[in-house]
Amino acid sequence: MGNNRSNVPRFDVNIAFLLFLFFCVSCIGIYSAQSSGQYNENFLVKQIIWYIVSAGIAFSVMFLDSDQIQKLSWYAYGFGLLLLIILLVAPNTSFTPIRNGAQSWFVFPGIGSIQPSEFVKVFLIMVLSNIITKHNEKYRIRNFREDFLLLLKMFSTIAPAIVLLISDDLGTTLVLISIFVGLVFVSGISWKIIVPVFASISIFAGAILSLVIFAPSVLENYVDPYQLTRIYSWLNPRSYSGEGAYHLLQSLMAIGSGMVEGKGISGEGVYIPEGHTDFIFAIIAEDFGFIGGSVVISLFFVLIYYLIKLGLETKEAFNSYLCVGVISMVTFHVFQNIGMTIQVLPITGIPLPFISYGGSSLMGNMLAMGLMLGVSYHHKRYMFSSNG
């Protein structure tokens, strides 16, 4: 009886219900943001359409098993890099326009704009999980050489994406790095390698930050002045209220004015430019106060907890790595987005997953959730077994 299996696939209603709650929060937040009268477009209707399309993507991906995803991972990642290369070399046209100083979108008439980097995040999770799985299957007895080889494989894979994105899209670059770091920690690489490597990187990053704060003239010839302004406006927003700190000051004012219970959806709140996208948490906190903001954060905690549980329960190593990659991506997105609205972190333009308006971001995140639904869908559960 211990070997009897329940091979009937199971649709994961827990993930689906959480996504439905995020959909409701997103609609409320976007409706509130556009009710202030600062926008002429109906972003709510567009977001609902994007959610329908994204749900279709997640539902389709759910039926792919781990072997199929592994086979597709390199093709998907290669295709994503190709799109980034096209954007890098393409002229400034209506199809590949420059927006806010970056050429990061393909614009399709009647459909909208698509940002390939949002999909590259998920493709990177797939390909790094594939690399780790294949390497660990090949080298079951590990030593320093094999561990260092795996780290080199992973770094060589992420490096092209970082090179293509770092100049125009620092936010996405940081997300890719967070995915890389999360998967390195669970890949089986010895801590004798991980600790010195990441300690060296941390020391270097700390030195750069110290130069930015105390000796900016040293970096002026090497760093984009716009990026330096972002750091300064984060550290001392009131001194840069007319430059990079305007969004931050308005966000802090909105969140503070919401207090405990919020003002409600009145359309007369603090003006926040692009409040329906990157600063939607400030809109929610203003309308529903500390209680509303806490509910949103709690939803993300529940999602991350459930994905951790799913990753621990699955019997296939590749699926566990997929879970870790998605957890790393979502966690960094949430921490960075909410952190930048309350001055804990610098503003980087990273959207709040499943809630901020944006077709590409939503489709990318729902693609990741499709992978998670697939892990649960194809997971074989043992009945009457002491092994659970």
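Counting from 1, the numbers follow the sequence of the chain as shown.
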How long is the straight-line distance from [atom2] of [Y] back to [atom1] of [X], given to the nearest 0.5 Å?
| X | Y | atom1 | atom2 | answer |
| --- | --- | --- | --- | --- |
| Leu367 | Ser360 | CG | OG | 12.0 Å |
| Asn337 | Ile350 | CG | CD1 | 8.0 Å |
| Ser129 | Leu183 | OG | CG | 5.0 Å |
| Met366 | Met369 | CE | CE | 8.5 Å |
| Ile355 | Ile284 | CD1 | CD1 | 5.0 Å |
| Lys309 | Cys323 | NZ | SG | 11.5 Å |

For [X] and [Y], work out which heavy atoms get closest and say how close.
| X | Y | result |
| --- | --- | --- |
| Gly325 | Ile179 | O-CG1, 4.0 Å |
| Ile280 | Gly29 | CD1-C, 3.9 Å |
| Ile283 | Ala33 | CG2-N, 4.1 Å |
| Ser251 | Ala282 | OG-CB, 3.5 Å |

Taking [Y] as the starting point, is it possible to reach [X] by hopping between hydrophobic residues whose side chains are less than 4.5 Å apart?
| X | Y | result |
| --- | --- | --- |
| Leu312 | Ile327 | yes |
| Ile114 | Ile52 | yes |
| Leu21 | Tyr31 | yes |
| Val127 | Phe185 | yes |
| Ile297 | Phe332 | yes |

Any ring-ring contact (aromatic ring centres under 6.0 Å, His included) pairs touching residues 141-177, not counting sequence neighbours?
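Every candidate ring-ring contact (aromatic ring centres under 6.0 Å, His included) pair involving residues 141-177 fails, so no pair, neighbours aside, qualifies.
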Can you label the angle between the [X] ring and the [Y] ring as parallel, tilted or perpendicular, going by 30° and 60°?
| X | Y | value |
| --- | --- | --- |
| Phe22 | Phe300 | tilted |
| Tyr377 | Phe63 | perpendicular |
| Tyr271 | Tyr246 | tilted |

Taking the six-membered ring for Trp, are the ring centroids of Trp74 and Phe79 within less than 6.0 Å of each other?
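Here the rings of Phe79 and Trp74 have centres that are no less than 6.0 Å from each other.
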Are Phe106 and Phe95 an aromatic pair by the rule of ring centers under 6.0 Å?
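Yes, they do, as the ring centres are separated by less than 6.0 Å.
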Which one of Val13, Asp12, Leu307, Leu303 satisfies the side-chain contact (heavy atoms from CB on, under 4.5 Å) criterion with Leu18?
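Per the side-chain contact (heavy atoms from CB on, under 4.5 Å) rule, the option paired with Leu18 is Leu303, out of Val13, Asp12, Leu307, Leu303.
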Does any part of the side chain of [Y], heavy atoms only, come nearer than 4.5 Å to the side chain of [X], both counted from C-beta?
| X | Y | answer |
| --- | --- | --- |
| Ser328 | Phe180 | no |
| Asn42 | Val45 | yes |
| Thr93 | Pro97 | no |
| Glu316 | His378 | no |
| Met329 | Leu176 | no |
| Leu362 | Tyr357 | no |
| Leu128 | Tyr321 | no |

For Glu261 and Phe288: C-alpha separation, side-chain torsions, deciding distance, then whether side-chain contact (heavy atoms from CB on, under 4.5 Å) applies.
CA-CA 5 Å; Glu261 297 180 353; Phe288 301 100; over 6 Å; no
Do NZ/NE/NH1/NH2 and the carboxylate oxygens of Glu118 and Lys121 come within less than 4.0 Å?
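Looking at Glu118 and Lys121, the cut-off is met.
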Looking at [X] and [Y], would you say the former's side chain and the latter's main chain have a donor-acceptor pair under 3.5 Å?
| X | Y | result |
| --- | --- | --- |
| His276 | Leu44 | no |
| Gln68 | Asp65 | yes |
| Thr341 | Phe279 | no |
| Thr96 | Asn92 | no |
| Ser32 | Ile28 | no |
| Tyr51 | Phe354 | yes |

Return yes when atom CZ of Phe204 has more than 12 non-hydrogen atoms of other residues, nucleotides or ligands closer than 6.0 Å, and no otherwise.
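For Phe204, atom CZ is not crowded (no more than 12 foreign heavy atoms under 6.0 Å).
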Has Phe198 got more than 12 heavy atoms of other residues, nucleotides or ligands less than 6.0 Å from its CZ?
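Correct, the count exceeds 12.
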Any residue meeting salt bridge (charged side-chain N to carboxylate O under 4.0 Å, His left out) with Lys153, in chain and number order, not counting sequence neighbours:
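Not a single residue meets the salt bridge (charged side-chain N to carboxylate O under 4.0 Å, His left out) criterion with Lys153.
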Go through the structure and list residues passing salt bridge (charged side-chain N to carboxylate O under 4.0 Å, His left out) with Asp147, not counting sequence neighbours.
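Per chain and number, Asp147 pairs via salt bridge (charged side-chain N to carboxylate O under 4.0 Å, His left out) with Arg142.
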Any chance you could pull the hydrophobic cluster mates of Tyr139, using side-chain heavy atoms under 4.5 angstrom and chaining through other members?
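Under the 4.5 Å side-chain rule, Tyr139 groups with Leu149.
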Looking only at the side chains, is there a donor atom on one of Ser361 and Gln115 sitting less than 3.5 Å from an acceptor on the other?
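There is no such pair (donor and acceptor under 3.5 Å, judged by atom type) between the side chains of Ser361 and Gln115.
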Is it true that the side chains of Thr348 and Gln336 contain a donor and an acceptor less than 3.5 Å apart?
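Yes.
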Under the side-chain contact (heavy atoms from CB on, under 4.5 Å) rule, what do Asn319 and Met372 come out as? Steps first, then yes or no, please.
CA-CA 8 Å; Asn319 287 340; Met372 298 297 94; over 6 Å; no
Verdict with supporting geometry, Leu352 and His333, side-chain contact (heavy atoms from CB on, under 4.5 Å)
CA-CA 6 Å; Leu352 189 60; His333 262 271; over 6 Å; no
side-chain hydrogen bond (donor to acceptor under 3.5 Å, both in side chains) contacts touching residues 171-188 (sequence neighbours left out):
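Counting only pairs at least two positions apart or across chains, the side-chain hydrogen bond (donor to acceptor under 3.5 Å, both in side chains) contacts touching residues 171-188 are Asp169-Thr172.
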Mind checking side-chain contact (heavy atoms from CB on, under 4.5 Å) for Met259 and listing every partner two or more places apart, or none if nothing turns up?
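Result, side-chain contact (heavy atoms from CB on, under 4.5 Å) vs Met259: none returned.
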Could you go step by step and tell me if Thr157 and Ile131 meet the side-chain contact (heavy atoms from CB on, under 4.5 Å) rule?
CA-CA 9 Å; Thr157 302; Ile131 289 172; 3.1 Å; yes
